[in-house]
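All of these numbers come straight from a predicted model, not from anything done at the bench. The chains referred to below are lettered A, B, ... by the order of the sequence lines, with proteins before strands, and numbering in each begins at 1.
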Amino acid sequence: MKIRTDFVTNSSSTSFVIITTGDFERADFFELMGVSKNSPLVPLFDALYYHLQAKMHPVEEYFQLYRKAMGNWLELLQNEFADEVVERIVEAEKAGHKAFIGKLASDDGDQIEAFFCTDSFEVENERIYFNALECVW
Amino acid sequence: MILELDITKLLVVFDRRYSLSEFRTASQVVPGSYADELAERIHSCLFKYTRDVLAEYEKYYAIEYSDFAVFLYWKYRVDKDTAQKITARISDGVFIGYGRDSIGMFTDETVTSAVNHILSKLGEKGNENSD
């Protein structure tokens with residue numbers, strides 16, 4: 001758990017990072033999260049999957065969209081993420097994998113998105129790396 | 001029934017208090033996975049961290065309030081109609097719990113439907129959600 005000690009508001013948007021070896025497929029995502037196909041939790045993780053899919057952008061596009069920034073992507077990444085995460089993104093791009101960054105919001109009126117926006121976790125398997133450690137209020 | 005009293009407070013009414021192991025099994029998630037952890041968190045805020053409101057009433061408040069429905073109304077701000085419906089289920093031996101550790105998504109239809117689906121696998125009959 002992380003505790004933010006500076007000014008805290010009751011609404012938030014938080015960044016996540018997804019790295020994939022191929023496309024961001026639903027079946028791969030469910031395997032990553034540990035949801036079997038008959039699980040009653042499928043609709044909840046479907047909602048998360050579609051939120052992520054709608055809000056994830058290639059690194060360069062993310063900075064243009066959210067930071068109105070262009071140019072030195074490494075520096076921009078370093079300003080926003082931990083060194084380990086930056087390293088993973090750089091290595092992924094070198095290896096020809098796909099790296100995405102996105103944002104989830106806590107005040108868009110969707111409780112599922114708000115929950116995952118404020119949850120902090122990191123999971124990975126051989127096809128997907130999903131970092132939501134920046135998800136703190 | 002899951003009543004979100006505010007963003008963190010819940011009142012739940014279920015046929016019984018379900019154990020974590022049976023809730024996990026019915027969730028059909030991979031042990032040790034993120035989904036498994038989420039199932040446990042849902043279980044905790046519905047069953048583990050909820051206190052038995054009926055036991056609390058009988059032990060401390062029965063002398064103070066004329067009946068359980070009145071107690072629910074004044075102590076937990078449950079509307080009178082819902083309080084009467086909950087009271088009518090006492091004779092079935094239901095579990096009535098109050099908790100202050102909600103994960104804040106129990107008025108979402110997708111989430112309540114998923115929870116009801118899990119509980120229906122465990123034989124829950126009276127798990128219709130109301131808001």
Side-chain angles (χ1 to χ4, degrees), chain A residues 1 8-12 14 16-18 26-52 104-133 135-137, chain B residues 2-10 14 18 20-47 99 101-125 127-131:
Chain A
M1 186 175 91
V8 179
T9 66
N10 63 355
S11 66
S12 172
T14 52
F16 62 86
V17 173
I18 289 175
R26 178 180 177 275
D28 294 339
F29 177 68
F30 273 45
E31 190 184 324
L32 173 76
M33 302 306 272
V35 186
S36 69
K37 66 178 183 181
N38 295 321
S39 169
L41 293 176
V42 162
L44 197 158
F45 280 91
D46 257 335
L48 173 60
Y49 174 72
Y50 291 114
H51 280 304
L52 293 172
L104 293 175
S106 71
D107 54 0
D108 277 359
D110 186 293
Q111 289 188 345
I112 294 175
E113 181 178 356
F115 172 78
F116 287 107
C117 168
T118 56
D119 202 20
S120 187
F121 59 94
E122 180 183 40
V123 282
E124 69 178 300
N125 63 13
E126 63 280 4
R127 285 191 290 278
I128 304 177
Y129 169 72
F130 180 14
N131 180 312
L133 293 175
C135 288
V136 288
W137 252 349
Chain B
I2 304 171
L3 287 176
E4 234 177 31
L5 302 173
D6 70 25
I7 194 166
T8 59
K9 295 173 186 165
L10 285 178
F14 294 114
Y18 297 91
L20 174 59
S21 62
E22 63 185 340
F23 192 84
R24 263 192 170 135
T25 303
S27 298
Q28 292 183 266
V29 290
V30 177
S33 66
Y34 178 86
D36 186 35
E37 188 190 312
L38 181 61
E40 182 173 351
R41 286 161 74 181
I42 292 172
H43 175 273
S44 291
C45 69
L46 296 179
F47 300 107
D101 296 291
S102 174
I103 53 174
M105 54 178 178
F106 289 116
T107 54
D108 183 282
E109 204 176 305
T110 303
V111 177
T112 53
S113 160
V115 171
N116 288 340
H117 188 177
I118 292 168
L119 296 178
S120 71
K121 284 171 168 286
L122 298 172
E124 174 76 17
K125 299 281 194 294
N127 59 13
E128 287 174 11
N129 190 46
S130 68
D131 45 24

| query | Do the ring centers of B/Y18 and B/F47 come within less than 6.0 Å of each other? | reply | yes

| task | Give the ring-plane orientation class for A/F29 versus A/F45, where under 30° counts as parallel, over 60° as perpendicular and anything between as tilted. | result | tilted

| request: Starting from the C-alpha separation in whole Å, work towards a yes-or-no answer on side chain to side chain contact (heavy atoms under 4.5 Å, CB included) for A/D119 and B/L38. | output: CA-CA 10 Å; A/D119 202 20; B/L38 181 61; 5.9 Å; no

| Under the side chain to side chain contact (heavy atoms under 4.5 Å, CB included) criterion, do B/V29 and B/Y34 qualify, and how do the steps go? | CA-CA 9 Å; B/V29 290; B/Y34 178 86; over 6 Å; no

| remark: With sequence neighbours left out, the residues meeting side chain to side chain contact (heavy atoms under 4.5 Å, CB included) with A/D46 are A/R26, A/F30, A/V42, A/Y50

| Which residues from residues 32-41 of chain A are near chain B, with near meaning under 4.5 Å between non-hydrogen atoms? | A/M33, A/G34, A/V35, A/S36, A/N38, A/S39, A/P40, A/L41

| Under 3.5 Å donor-acceptor, A/Q111 side chain and B/T107 backbone | yes

